[in-house]
Amino acid sequence: MQLARVDSLALLGLNAIAVRIEVQIARGLPAFHLVGLPAALVRESRERVRAAICQSGFEFPQQRLTVNLAPADLPKDSNGFELPIALGILVASRQLPAAALAGLVFLGELSLGGQLQPVRAAFALGLGFARSLDEQPKASGANRPILLVPPGSAPDCARAYAGPVWHAPDLKALNQCLLKRLEGKPHQAQSAPPSPPDDGSACDGFAGKEPSAAAQVLAPIQAAQSDLSPRLHGPQGTSHEVPDLCDIRGNPLAKLAACVAAVGGHHLLLVGPPGCGKTMLAQAMAAITPPPSLAVQREQMALESLKNSRWRATQTPRQPVFRQPHHSASVSALCGGGSPPRPGEISLAHGGILFLDELTEFDPRVLEALREPLQAGCMHLAKGTHSAEFPARFQLVAASNPCPCGFASGDPDSRAQGAIPSCLCTPERLRRYQSRISGPFRDRIDLQIQWPAQASNADETDWAFELMAPMFQAHGVVCSRLDSQAARSLAERCRSMQWTRQNCLNAHLQAAQVVSVVGIDPQQHPLLRRLAAIGFSQRALFAVARVARSLADMFGLADVDERCFALAIQLRRLPSFETSGSALASV
């Protein structure tokens with residue numbers, strides 16, 4: 001009876017789980033048993049492994065063959081187990097020495113002819129493997145294991161894993177080079193990850209990337225950070241030009257709110273009549289929001305590789321991420337799900353913007369499912385005995401009409417003067433429409449702006465720029481108008497201050513941090529206590545304090561003053577959704 005062990009990897013969310021493949025050859029009738037909770041994809045690999053071994057010139061053992069995928073309680077659903085299973089069979093049948101596999105972790109799919117095919121989510125596997133090793137101090141530097149993958153997956157893995165990444169064209173060439181490595185003969189080294197062969201032909205030997213070349217491999221990712229393309233990509237892969245902030249006419253308060261949201265990472269809700277420019281302003285936020293850190297960008301690339309099997313890390317990432325799902329999207333489409341678990345739109349928008357247009361047209365159950373990720377910044381998907389976790393630290397930008405016909409307004413003067421069409425909605429219909437956005441969901445949105453219903457004069461003075469002129473001067477931003485470039489420069493400088501001060505954005509401050517960073521207890525401040533008297537929740541009070549802190553950063557103030565609190569309150573008004581609009585105006 002022979003026994004062999006080969007190391008491989010599996011994904012649970014974005015975490016890489018070490019999988020040990022054990023192969024046993026025992027006496028008995030010829031059989032091939034695969035145990036360890038393999039999915040249908042893994043069970044089908046038995047026939048491909050058998051054909052690949054025979055076509056590569058090896059002998060498939062005609063005995064009782066048992067393959068165990070440990071840990072046994074983890075569901076296995078990956079096409080990367082075929083190569084380590086084949087190598088385990090060769091070692092167990094004594095066609096390959098066991099010492100030749102020492103210090104190697106194998107991933108790869110096998111064709112019937114023995115060629116190595118790319119694995120799914122190679123970048124996510126490499127990033128998860130690197131994270132798991134970072135938790136082990138002894139596995140750093142030169143002690144990192146060698147990751148051996150197919151040529152088509154080598155570029156993705158090399159950009160995510162800083163250790164040595166090797167690749168081989170087929171099973172026969174891999175066996176020859178493993179024997180040469182065991183004998184101490186040098187192999188051909190390569191300082192950059194190879195491109196997948198176009199013709200699928202195999203070559204002798206295998207190439208490797210040594211740890212010293214990790215910096216060269218990461219260079220394309222670092223160069224992509226500064227290449228901020230002014231294009232947006234939706235979930236269907238379509239693209240369009242991003243409007244500039246100065247192209248949006250009217251409602252300076254909404255443009256100011258967009259700048260504050262970009263500075264502090266706050267969620268933003270825009271309510272107004274159809275055609276007033278809500279969608280245009282939301283799309284312009286992609287041009288004024290600074291890109292996330294390199295670590296978040298790598299997580300974005302890993303999530304994209306999990307979602308899209310054809311995605312490759314050689315594609316230049318376009319920053320910031322902007323996702324715009326349709327209002328007919330289901331809970332699983334937004335939050336993720338499936339078997340194995342796949343990330344949803346909120347995870348794909350991690351580190352970027354999630355734009356929900358026509359918010360009241362979404363299924364209320366879908367919106368309620370977003371309440372926990374909005375606050376926690378992650379999504380837990382329970383599947384059987386395991387729970388997959390995907391990051392979901394996104395910035396929500398939502399747009400909605402005030403009523404089904406779109407012309408309800410909280411300003412009675414504008415309707416009396418005939419500036420807008422009359423609203424034909426009954427009070428009951430209006431109540432049902434607005435109740436599709438629940439109070440707990442709306443309470444988690446820091447900035448809530450009512451778009452004015454009356455048409456604005458395009459030649460009027462943009463008082464938003466006059467208000468923000470001291471902000472630009474405080475940070476040394478030279479501009480003559482409120483455009484996307486000036487707003488982006490201001491947001492970058494303010495975000496740098498926030499990371500230096502508290503190591504996070506203002507929107508992500510916890511309750512205890514708000515008291516220490518803002519310097520004021522929202523429950524004791526006189527102005528905020530008056531807000532609590534008219535129905536503001538404790539969460540809303542802390543949200544006002546966080547927005548006031550962002551405004552103070554924009555003004556270049558070390559302490560939050562009354563002007564910042566007053567302006568933060570004005571940026572959280574929805575007269576058409578609240579009966580207390582007059583009470584709020586008197587605060």
Side-chain angles (χ1 to χ4, degrees), residues 243-273 276-290 322 353-357 359 374 394-402 410-411 437 442-453 456 462-472 481-484 486-488 490-491 494-495 505-507 531 536 540 543-555 560 563-578 581 584-585:
D244 196 276
L245 198 61
C246 63
D247 297 333
I248 303 173
R249 301 293 182 178
N251 198 5
L253 186 64
K255 290 190 284 186
L256 174 62
C259 296
V260 176
V263 165
H266 303 282
H267 303 308
L268 174 62
L269 173 60
L270 301 171
V271 178
C276 63
K278 303 184 298 294
T279 302
M280 190 175 180
L281 180 60
Q283 294 173 351
M285 283 201 62
I288 66 177
T289 302
F322 187 92
I353 298 173
L354 177 68
F355 177 42
L356 300 183
D357 201 3
L359 183 66
L374 276 174
F394 60 93
Q395 183 178 4
L396 175 65
V397 179
S400 171
N401 294 329
D411 185 8
I437 306 177
R442 188 159 50 88
D443 204 37
R444 288 170 166 81
I445 303 178
D446 295 347
L447 301 171
Q448 304 177 20
I449 300 301
Q450 178 78 32
W451 206 283
S456 60
D462 191 352
W463 60 261
F465 176 71
E466 295 181 354
L467 178 62
M468 296 183 64
M471 303 178 183
F472 294 131
R481 60 178 181 174
L482 180 56
D483 54 6
S484 296
R488 184 188 182 89
L490 178 63
C494 292
R495 286 196 175 194
L505 297 181
N506 290 333
L531 293 178
F536 271 53
V544 171
R546 289 193 295 265
V547 173
R549 179 66 265 182
S550 296
L551 288 167
D553 292 339
M554 297 171 70
F555 281 111
V560 183
R563 175 183 53 174
C564 298
F565 277 111
L567 190 54
I569 295 173
Q570 293 299 318
L571 294 176
R572 195 183 173 90
R573 294 188 59 187
L574 284 179
S576 62
F577 274 74
E578 298 176 355
L584 181 60

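None of the values given here were measured: they were computed from a predicted structure. One-based numbering along the sequence shown.
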Engineer: Going through the checks in order, is the side-chain contact (heavy atoms from CB on, under 4.5 Å) test met by Met468 and Met554?
Structural biologist: CA-CA 8 Å; Met468 296 183 64; Met554 297 171 70; 3.9 Å; yes

Engineer: Drop me the distance from Cys259's SG to Met471's CE, to the nearest 0.5 angstrom.
Structural biologist: 8.5 Å

Engineer: Are any side-chain N or O atoms of Lys255 and backbone N or O atoms of Ala464, one a donor and one an acceptor, separated by less than 3.5 Å?
Structural biologist: no

Engineer: Look only at the side chain of Gln283 and the backbone of Pro243, and say whether a donor-acceptor pair between them is shorter than 3.5 Å.
Structural biologist: no

Engineer: Work out which heavy atom in Phe565 is nearest to a heavy atom in Ala545; give both atom names and the distance.
Structural biologist: CE2-CA, 4.1 Å

Engineer: Of all heavy-atom pairs between Ala491 and Ile288, which one has the smallest distance, and what is that distance?
Structural biologist: CB-O, 3.8 Å

Engineer: Roughly how far apart are Ile445 CD1 and His266 NE2, rounded to 0.5 Å?
Structural biologist: 13.5 Å

Engineer: Between CG of Leu268 and CE of Met285, what distance do you get to the nearest 0.5 Å?
Structural biologist: 6.0 Å

Engineer: Do Leu245 and Leu281 come within less than 4.5 Å of each other through their side chains, counting heavy atoms only?
Structural biologist: yes

Engineer: Measuring from Arg546:CZ to Asn506:CG, what's the distance to the nearest 0.5 Å?
Structural biologist: 9.5 Å

Engineer: Could you tell me which non-hydrogen atom of Phe536 sits nearest to which non-hydrogen atom of Val544, and how far apart they are?
Structural biologist: CE2-CG2, 4.4 Å

Engineer: Atom CG in Leu253, atom CD in Gln450: separation rounded to 0.5 Å?
Structural biologist: 10.5 Å

Engineer: What's the separation between atom CD1 in Ile449 and atom CG in Leu256, rounded to the nearest 0.5 Å?
Structural biologist: 8.0 Å

Engineer: Does a side-chain heavy-atom distance below 4.5 Å link Leu374 with Phe394?
Structural biologist: yes

Engineer: Looking only at non-hydrogen atoms, find the nearest pair between Arg444 and His267 and report the distance.
Structural biologist: O-CD2, 3.5 Å

Engineer: Looking only at atom types and distance, does a side-chain atom of Ser400 sit under 3.5 Å from a main-chain N or O of Val271, one as donor and one as acceptor?
Structural biologist: no

Engineer: Of all the heavy-atom pairs spanning Pro470 and Glu466, show the shortest one and how long it is.
Structural biologist: CD-O, 3.5 Å

Engineer: Which atoms form the tightest heavy-atom contact between Ala284 and Ile248, and what is the distance?
Structural biologist: CB-CD1, 4.1 Å

Engineer: So do the side chains of Phe555 and Arg563 get within less than 4.5 Å of each other, counting heavy atoms only?
Structural biologist: yes

Engineer: Go through Asp483 and Arg488 one step at a time and tell me if the salt bridge (charged side-chain N to carboxylate O under 4.0 Å, His left out) criterion holds.
Structural biologist: CA-CA 9 Å; Asp483 54 6; Arg488 184 188 182 89; over 6 Å; no

Engineer: So does Ala262 get a backbone contact from the side chain of Arg495, meaning a donor-acceptor N/O pair under 3.5 Å?
Structural biologist: yes

